[in-house]
Amino acid sequence: MIDKRVYDFDAALEGMKDGATIMSAGFGAAGAPQELLEAVLDRGYRDLVIISNNAGEGERGLIKLLKERRIAKVICSFPTSSNSEITKELYSAGLLELEIVPQGTMSERMRAGGAGIGGFYTRTSVNTPLAEGKEVRNIDGDDYVLEYPLKAEFAFIKAREADRWGNLTYNLSARGFGPTMAMAAETTIVQVDRFVELGEIDPEQVITPGIYVDRVMEVEAS
Amino acid sequence: MIDKRVYDFDAALEGMKDGATIMSAGFGAAGAPQELLEAVLDRGYRDLVIISNNAGEGERGLIKLLKERRIAKVICSFPTSSNSEITKELYSAGLLELEIVPQGTMSERMRAGGAGIGGFYTRTSVNTPLAEGKEVRNIDGDDYVLEYPLKAEFAFIKAREADRWGNLTYNLSARGFGPTMAMAAETTIVQVDRFVELGEIDPEQVITPGIYVDRVMEVEAS
Amino acid sequence: MAKLNRKQIAWRVAQDIPEGAYVNLGIGAPEMVANYLPDDREVIIHSENGLLGMGPTPTPGEEDPDLINAGKKPVTLLDGGSISHHTDSFAMIRGGHIDICVLGAFQVAQNGDLANWATLDNSRPPGVGGAMDLAVGAKDVFVITDHCTRDGQPKLLNQCSYPLTGTAVVTRVYSDHALIDVRDNSFIVREIADGISSDQLSDMTGTALTFADDCTVLKTPEL
Amino acid sequence: MAKLNRKQIAWRVAQDIPEGAYVNLGIGAPEMVANYLPDDREVIIHSENGLLGMGPTPTPGEEDPDLINAGKKPVTLLDGGSISHHTDSFAMIRGGHIDICVLGAFQVAQNGDLANWATLDNSRPPGVGGAMDLAVGAKDVFVITDHCTRDGQPKLLNQCSYPLTGTAVVTRVYSDHALIDVRDNSFIVREIADGISSDQLSDMTGTALTFADDCTVLKTPEL
């Protein structure tokens, strides 16, 4: 019987290691897998490379990892928030590497990683510092930048419901990067509000099909 | 008040013309906008370029247009079906141009057209006759073919429900190419089983958001 | 000399958003545009984090932490609203499906170049968010900005000195002093705030202005 | 000499599909594999037109014209099944998320080249469907085929003469005479049908065969 459900963080994080690259869903706090990130903190992993829209916000998850200096690099579109001083401090002190990617390009690069696209041309960032060193090509009169896929060893996702095949639904705008990151990581680990029986999710309302999901764990908001 | 509902085929097909390029959703008969296609036939348009997975099947829609010699060219992945002799006859007689595109490439090219991607690299079709004349690029050790976006003047789609903003739901595997074609056409025209009030479709269950839809018409299956 | 306040600029932008438009409102001042849309005008507001048909701020106590806008503030969805994931949301932006986006700016050049994501101060972490995607993707890019910086430097220039967000993308500037179209490599003044002369406006601008033949007074209500 | 019939080939393939695999079954003979999966084995079947977790043929009268498989025949969905649109469905295929696809073939070369979409007959309209996507996308490509054409020509070759579907993609061939791995530019015979000698099999093959040291008899039930 296929059963992707796990019941503790040790099982959820199997294979995690120092230096791992982790995609972390969430836009601000919505959809952020705070408890999974904090379980990584508790287990002492370090030198992490994080791919996430923001380099933390508030007091949870990524911010805790940043404060404990567990993160070597963040690939993101917008690192700081009004309430995340630690990111600025670490960056100013040269203790945190940041790679800034336009939000749509970041999302599209992850989709490319998940969908077998070897590279794609986008108008976003043409003639800006973020296109420096990248190939530019004129297609039908417009300049486009060549962007390559973005993949990761792990994706951490927060979803609303999961069944034992790993099918997922999300809550409103907490959907965010979840469906795309699930495609783009070797191992996709999902914390969900609740497990449901196989067949409870209408086939037309599955947002992330289980094919992209490796492990699901029920996590109570803490 | 935004209201994309129309109540007859003349209003639905406004702007149609000889030589138009039309994306026609549907995989076989599932999701095929037969009544819209037949309304085009009834109005006498000709020299049409059709983008559709199949060059017709059965006795409806595209097959009727083919029989009346209204279609100059079909861009498709698989032109013939067990029950579509006319496609073979016209092709053999040199009366129908066919452009064969791998199904995933066709779908991805339409998505690129809708998503502002100028081109993308895919492994599909490398070293096959369908890659002839196309740029090949080695990325991380694998060869990829460069493919360009596919757009159209019109998309014809069959959906289950629509509201006055043009939000759509589909019925099971009739979803097919609908959501992608809706993105890729200048004018997207949808025949639906039924209109619903704004707000009746759960925001999380909208499959094609109205931003991609220009006109919706309630059409009883005929 | 009666320059406009932020609310008045937002009000003026709102008058130019047509019925049925799909509009993305940037974080900060552009968000205020939603407050001034005429009641009888139906406009569909997009938020980059996957909302289409965004509604007003929820009443206190009704906030859902999972229903936020691009600025991470609680919002609502209108009837007809829909949710999409990030990649689909940016396909709307990058694919040219958003009619208008309204953004802030550090600098705008007369050819429509926009600089609004990074200064030359390298001590601050840079952050671009969705600005570059919106700049190239939206059919019209409206900019809300003060005409000058706090220390009196012009923000409308011959050429931007800050890192660019996009080239030749801005179509109209709504400043606290004027409404200016960006067309044919020129700033064309369409409306000018009451009590401001052409010369005064030119003095505040870092490049030559063209005054439209039908240039009128930029009128807004008290707000 | 006891060659396998189509059902027996399909049965043999089914035994090699592991629990939990995501599998795409091509149109025609490959579809029959689903009928022979062991009852206690949970396998998730993908259909290119947007089905994941495809179930058996519906009972007569229960067919839904909007729930069909890649062969356009009515099917069902299992509990846990899901629907996606075409582009998302092909992202699963092209992104390497399908563990195994089972396809038919006109020709297979010893380096894994596959020809299964077009012959050299130009009077017939060509059609490729999802074959090229599946060939490059699936982690394993299993081929079901007769060992020879109806007129006795070998289909396992040094090099394909028909237009290719993909290069170096086939990982295993299930013929009516043998089970053959494709590895290191060689056909490696793992199992051979009862009563067929190595020499007979070699005579029916258009290139050299390697016989595995542990090559055994290809056993199937009567079907």
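Every chain is numbered from 1, with letters handed out A, B, ... down the list of sequences.
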Counting only heavy atoms closer than 4.5 Å, note whether [X] contacts chain A via side chain, backbone, both or neither.
{"X": "C/P65", "value": "backbone"}
{"X": "C/D64", "value": "side chain"}
{"X": "C/T165", "value": "backbone"}
{"X": "C/S47", "value": "neither"}

Item to check | Evaluation steps, side chain to side chain contact (heavy atoms under 4.5 Å, CB included), between C/H85 and A/T180 | outcome: CA-CA 8 Å; C/H85 64 59; A/T180 306; 3.8 Å; yes
Side chain from CB out, backbone as N, CA, C, O: work out which of these in [X] comes under 4.5 Å of a heavy atom of chain C, or both, or neither.
{"X": "A/R111", "answer": "side chain"}
{"X": "A/S125", "answer": "both"}
{"X": "A/Y91", "answer": "side chain"}
{"X": "A/N54", "answer": "side chain"}

Closest-packed option against chain C by number of heavy-atom pairs under 4.5 Å, given [options]:
{"options": "A/A25, A/P129, A/S92", "answer": "A/P129"}
{"options": "A/A55, A/C76, A/S77", "answer": "A/S77"}
{"options": "A/V126, A/L98, A/T105, A/T80", "answer": "A/T105"}

Next on the checklist: Tell me which of these, C/P126, C/P163, C/A131, C/A135, has more heavy-atom pairs under 4.5 Å with chain A than the rest.
Outcome noted: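 Ranked by heavy-atom pairs under 4.5 Å with chain A, first place is C/P126.
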Next on the checklist: At a heavy-atom distance under 4.5 Å, which candidate from C/L134, C/V128, C/L164, C/D66 has the highest pair count against chain A?
Outcome noted: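 Most pairs with chain A among the choices: C/D66.
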So for atom [atom1], which belongs to [X], do other residues, nucleotides or ligands contribute more than 12 heavy atoms lying within a distance under 6.0 Å?
{"X": "A/N138", "atom1": "CG", "value": "yes"}
{"X": "C/Q159", "atom1": "CD", "value": "no"}
{"X": "C/D121", "atom1": "CG", "value": "yes"}
{"X": "A/R137", "atom1": "CZ", "value": "yes"}
{"X": "A/K88", "atom1": "NZ", "value": "yes"}
{"X": "C/R124", "atom1": "CZ", "value": "no"}
{"X": "C/D39", "atom1": "CG", "value": "no"}
{"X": "C/Q15", "atom1": "CD", "value": "yes"}

What are the two closest non-hydrogen atoms of [X] and [Y], and how far apart are they?
{"X": "C/I83", "Y": "A/R175", "result": "O-NH1, 3.4 Å"}
{"X": "A/P79", "Y": "C/G127", "result": "CD-CA, 3.7 Å"}
{"X": "C/W117", "Y": "A/I100", "result": "CZ3-CG2, 4.4 Å"}
{"X": "A/T122", "Y": "C/R94", "result": "OG1-NH2, 3.0 Å"}

Checklist entry - Just by modelled atom types, is the A/G104 backbone N or O under 3.5 Å from a matching donor or acceptor in the C/D133 side chain? => result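 Such a contact is found between C/D133 side chain and A/G104 backbone.
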Checklist entry - Can you tell me if A/S173 uses its side chain to pair, donor with acceptor, with the backbone of C/I68 under 3.5 Å? => result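 Side chain of A/S173 to backbone of C/I68, a donor-acceptor pair under 3.5 Å: yes, one is there.
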[atom1]-[atom2] distance between [X] and [Y], expressed to the nearest 0.5 angstrom:
{"X": "C/K72", "Y": "A/E57", "atom1": "NZ", "atom2": "CD", "result": "5.0 Å"}
{"X": "A/R109", "Y": "C/T87", "atom1": "CZ", "atom2": "OG1", "result": "12.5 Å"}
{"X": "C/N49", "Y": "A/N53", "atom1": "CG", "atom2": "CG", "result": "9.0 Å"}

Next on the checklist: Is the ring pair A/F177/C/H86 parallel, tilted or perpendicular, if the boundaries are 30 and 60 degrees?
Outcome noted: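 Rings of A/F177 and C/H86: parallel, as their planes differ by under 30°.
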Checklist entry - Can you list the steps and then say if C/F90 with A/M106 is a side chain to side chain contact (heavy atoms under 4.5 Å, CB included)? => result CA-CA 10 Å; C/F90 275 86; A/M106 186 172 132; over 6 Å; no
